[in-house]
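These figures come from a predicted structure and were not determined experimentally. Just so we're on the same page: letters track the sequence lines, and every chain starts at 1.
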Amino acid sequence: MAHQGFPRGLRILTAGEYRHVFDNASFKVHGKGLLALACPNTLGHARVGLVFSKKNVRRAVDRNRLKRLTRESIRLGQHRLPAVDIVVLSKRGAGELDNDTVQRQLHGMWRRLEQEAKRHLAATQSIA
RNA sequence: GGAGUCGGCCGGACAGUCGCUGCCGGAUUUUAAUCCGGGAGAGGAAAGUCCGGGCUCCAUAGGGCAGAGUGCCAGGUAACGCCUGGGCGGCGUGAGCCGACGGAAAGUGCAGCAGAGAGUAGACCGCCUAAGCAGCUUAGGCUGCCGGCAAGGGUGAAAGGGUGCGGUAAGAGCGCACCGCGCGACUGGUAACAGUUCGUGGCAUGGUAAACCCCACUCGGAGCAAGACCAAAUAGGAACCCAUUGGUGUGGCCCGCACUUGGGUUCGGGUAGGUUGCUUGAGGCGUAUGGUGACAUGCGUCCUAGAGGAAUGACUGUCCUCGACAGAACCCGGCUUACAGGCCGACUCCCUCC
RNA sequence: GCUCAUGUAGCUCAGGGGUAGAGCACACCCUUGGUAAGGGUGAGGUCGACGGUUCAAUUCCGUCCAUGAGCU
């Protein structure tokens with residue numbers, strides 16, 4: 001079985017790294033209640049950061065639940081993801097979604113992200 | 001059987017797989033880190049931030065003014081605006097529940113509209129015509145004036161004790177009885193307060209203090225983004241001007257205290273990080289003693305989250321009553337607010353049966 | 001996490017115990033050949049919610065609920 005851990009190396013840690021992703025977001029993937037920004041990195045694996053604001057998701061219980069679900073989804077799907085830094089944001093009303101819906105949304109978002117990243121890589125390589 | 005009151009407790013359970021964060025042991029390794037094993041890992045409200053404290057810095061938190069808070073009495077407590085017991089008032093058939101519950105005879109203010117009058121009471125409707133004056137009249141009496149009244153009506157949130165009898169021209173604490181009220185004494189109680197056995201005053205003291213205020217008591221300011229330490233990029237500057245019984249340090253001010261040269265403009269440089277504070281505590285559980293109780297003391301026993309974009313989850317299976325409100329961020333004690341459902345104990349009322 | 005501020009007409013704001021107001025906007029009328037401007041009339045409010053104090057609360061007090069700001 002493949003490694004499925006989720007150590008700190010797979011996360012975006014500092015404010016500077018977050019800023020880099022926001023300023024150089026090469027792709028955006030929208031889901032219901034969620035939004036993912038991503039830009040390529042040189043680490044050879046994906047990293048992820050979460051932004052769930054109090055303004056969009058009012059209760060702490062819902063914020064924690066969404067973050068756990070997102071992390072779980074990343075952890076289980078990390079080997080399919082390209083080498084990009086991802087920031088997942090919440091949109092208004094994300095707290096009303098149930099667990100099944102959130103998981104389906106995240107699954108679909110990773111698939112689209114994979115395709116876009118493949119296309120982006122091909123484009124940059126053809127330019128080079 | 002039904003309805004209800006109070007107090008306490010619980011807040012899905014079990015197993016497996018994959019993960020997350022500390023701790024302990026071991027291994028690899030220069031450190032960092034990685035791996036293996038073990039064990040721990042959100043709440044009764046973690047919430048709101050409404051009070052109180054610990055802790056940290058400012059002086060060891062000191063004096064005065066200003067300001068804020070609390071407000072029946074006694075106790076508990078580290079402290080409180082909390083809790084316990086008692087008093088008083090209100091609600092309820094009752095068990096019980098609720099109450100910012102000091103002072104309005106220290107002072108100042110406020111009360112729209114309505115109403116005669118809103119605080120040294122008043123005369124709109126009304127009641128009276130005894131005394132005095134005038135007129136009419138044989139007299140009795142009638143009318144008017146001068147007046148008297150606070151009973152009845154009406155207004156209002158509120159109209160200056162209540163009922164009865166006497167009294168009177170009509171009335172009125174004007175007098176008396178009872179009730180209420182004030183003051184004093186006595187008795188009970190630590191006290192708040194109560195009791196009327198007693199005396200006395202004679203009806204004064206309307207409401208509002210979550211209006212100003214008075215009285216008593218309490219309160220210094222800031223908050224873990226407090227603060228401490230390590231390391232060190234850059235800088236430890238330059239020029240000019242001003243003030244030096246001055247400046248800075250903390251809250252509104254003054255005193256006091258501590259430190260000390262301080263401030264302005266221009267130019268130049270810069271505004272990485274890490275560690276700690278960080279969980280053993282006014283601690284939990286059991287038990288004994290004291291106390292009506294809150295609680296206190298002694299003994300035994302246990303260690304029970306500590307992250308740093310932030311850890312408790314996901315999936316699978318079984319069971320049931322099919323799972324509410326909701327997620328620690330320095331820590332405690334309270335209050336308030338949210339909450340599916342369930343359990344235990346004590347008590348009250350109603351109905352029925354024996 | 002901590003510390004504050006604000007909720008009044010569709011919008012921007014006054015009012016700090018006694019009937020809720022101003023400007024803009026809205027409707028109708030006048031003015032004009034018509035429109036704008038101007039003038040007049042009018043409608044529109046659980047004064048964020050719930051309790052309490054008071055005879056009386058938008059105002060005073062308490063508790064909640066929203067919204068906004070400041071402190072890394």
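Counting to the nearest Å, the P atom of B:G327 and the CZ atom of A:Arg65 are 12 Å from each other. Rounded to whole Å, atom P of B:A311 lies 15 Å from atom CZ of A:Arg75. In this structure, A:Glu72 places its CD atom 16 Å from P of B:U17, rounding to the nearest Å. Going from atom NZ of A:Lys67 over to atom P of B:U312 covers 10 Å, rounded to whole Å. What separates CG of A:Leu66 from P of B:G327 is a distance of 13 Å, to the nearest Å.
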Dot-bracket notation for RNA chain C is requested: 5' to 3', Watson-Crick or G-U wobble pairs only, both distances under 3.5 Å, with ( ), [ ], | and . as defined.
((((((((.[[[[.)..(..]]]].(((((.......))))).....[[[[[..)....]]]]]))))))).
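Smallest separation of non-hydrogen atoms from A:Arg63 and A:Phe52: CD-O, 3.4 Å. Scanning both residues, A:Ala36 and A:Ile86, for their nearest heavy atoms gives CB-CG2, 4.2 Å. Considering every non-hydrogen atom in both A:Ser73 and A:Leu106, the closest pair reads OG-CB, 3.7 Å.
Across all strands shown, B:U248 is found opposite B:A258 as a Watson-Crick or G-U wobble partner, with both distances under 3.5 Å. Applying the Watson-Crick and G-U wobble criteria (two distances, each under 3.5 Å), B:C35 pairs with B:G26. When both distances must be under 3.5 Å, the Watson-Crick or G-U wobble mate of B:U218 is B:A68. Summarising the base pairing, B:A61 is matched to no nucleotide, lacking a Watson-Crick or G-U wobble pair whose two defining distances lie under 3.5 Å.
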Taking N or O atoms only and anything under 3.5 Å, show me the protein contacts with nucleotides 11-13 of chain B, one pair per line.
none

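Comparing the C1' positions of B:A338 and B:A46 gives an interatomic distance of 13 Å, to the nearest angstrom. Separation of the P atoms belonging to B:U49 and B:A329 is 13 Å when rounded to the nearest angstrom. Nucleotides B:C88 and B:G71 are separated by 16 Å at their C1' atoms, to the nearest Å. For the P atom pair drawn from B:U248 and B:G263, the interatomic distance equals 8 Å after rounding to whole Å. If you take atom P in B:C335 and the same atom in B:G308, they sit 35 Å apart, rounded to whole Å. Taking atom P in both C:G51 and C:A69, one finds a spacing of 32 Å when rounded to whole Å. With both ends at atom C1', the span from B:C73 to B:C193 equals 9 Å, rounded to whole Å. For B:C50 and B:G90, the P atoms lie 37 Å apart once the distance is rounded to whole Å.
When heavy atoms are screened at a 4.0 angstrom cut-off, A:Arg63 is found touching no nucleic acid atom at all. At a threshold of 4.0 angstrom between heavy atoms, the contacts of A:Arg71 are confined to the sugar-phosphate backbone, with no base atom among them.
In B:A74 the base sits anti relative to the sugar, since the glycosidic angle is further than 90° from 0. In B:G173 the O4'-C1'-N dihedral to the base is within 90° of 0, which defines a syn nucleotide. The glycosidic torsion of B:G313 lies more than 90° away from 0, placing the base in the anti range. With a glycosidic angle more than 90° from 0, C:G17 adopts the anti conformation. Regarding the sugar-base torsion, B:G44 falls in the syn class, its angle being within 90° of 0.
Contact annotation: A:Arg68 side-chain N/O to B:U312 OP1/OP2 distance is under 4.0 Å. For the OP1/OP2 pair of B:A326 and a distance below 4.0 Å, the side-chain nitrogens and oxygens of A:Arg59 include at least one atom meeting the criterion. A close approach under 4.0 Å does occur between a side-chain nitrogen or oxygen of A:Asn99 and OP1 or OP2 of B:A314.
Within 6.0 Å of NE2 in A:His107 there are 12 or fewer heavy atoms belonging to other residues, nucleotides or ligands.
Ionic pairing of A:Arg75 and A:Glu72 is present here: one or more N-O contacts between side-chain nitrogen and carboxylate oxygen are shorter than 4.0 angstrom.
Between A:Leu69 and A:Val61, the residue whose closest nucleotide on RNA chain B is further toward the 5' end is A:Leu69. Sequence order on RNA chain B of the closest nucleotides to A:Val51 and A:Asn64 puts A:Val51 first from the 5' end.
Exactly one of A:Val88, A:Leu89, A:Leu66 qualifies for a side-chain contact (heavy atoms from CB on, under 4.5 Å) with A:Leu50. That residue is A:Val88.
Scored by the side chain to side chain contact (heavy atoms under 4.5 Å, CB included) test, A:Arg65 finds A:Asp62, A:Leu69, A:Asn99 as partners (sequence neighbours excluded). The ring-ring contact (aromatic ring centres under 6.0 Å, His included) check on A:Phe27 picks up A:His120, with sequence neighbours excluded. The side chain to side chain contact (heavy atoms under 4.5 Å, CB included) check on A:Lys118 picks up nothing, with sequence neighbours excluded. Applying the side chain to side chain contact (heavy atoms under 4.5 Å, CB included) rule to A:Arg112 yields the partners A:Val29, A:Met109; only residues at least two apart in sequence or on another chain are considered.
Using a distance-only test at 3.5 Å, with no hydrogens or angles considered, no donor-acceptor pair links the side chain of A:Gln105 to the main chain of A:Gly31.
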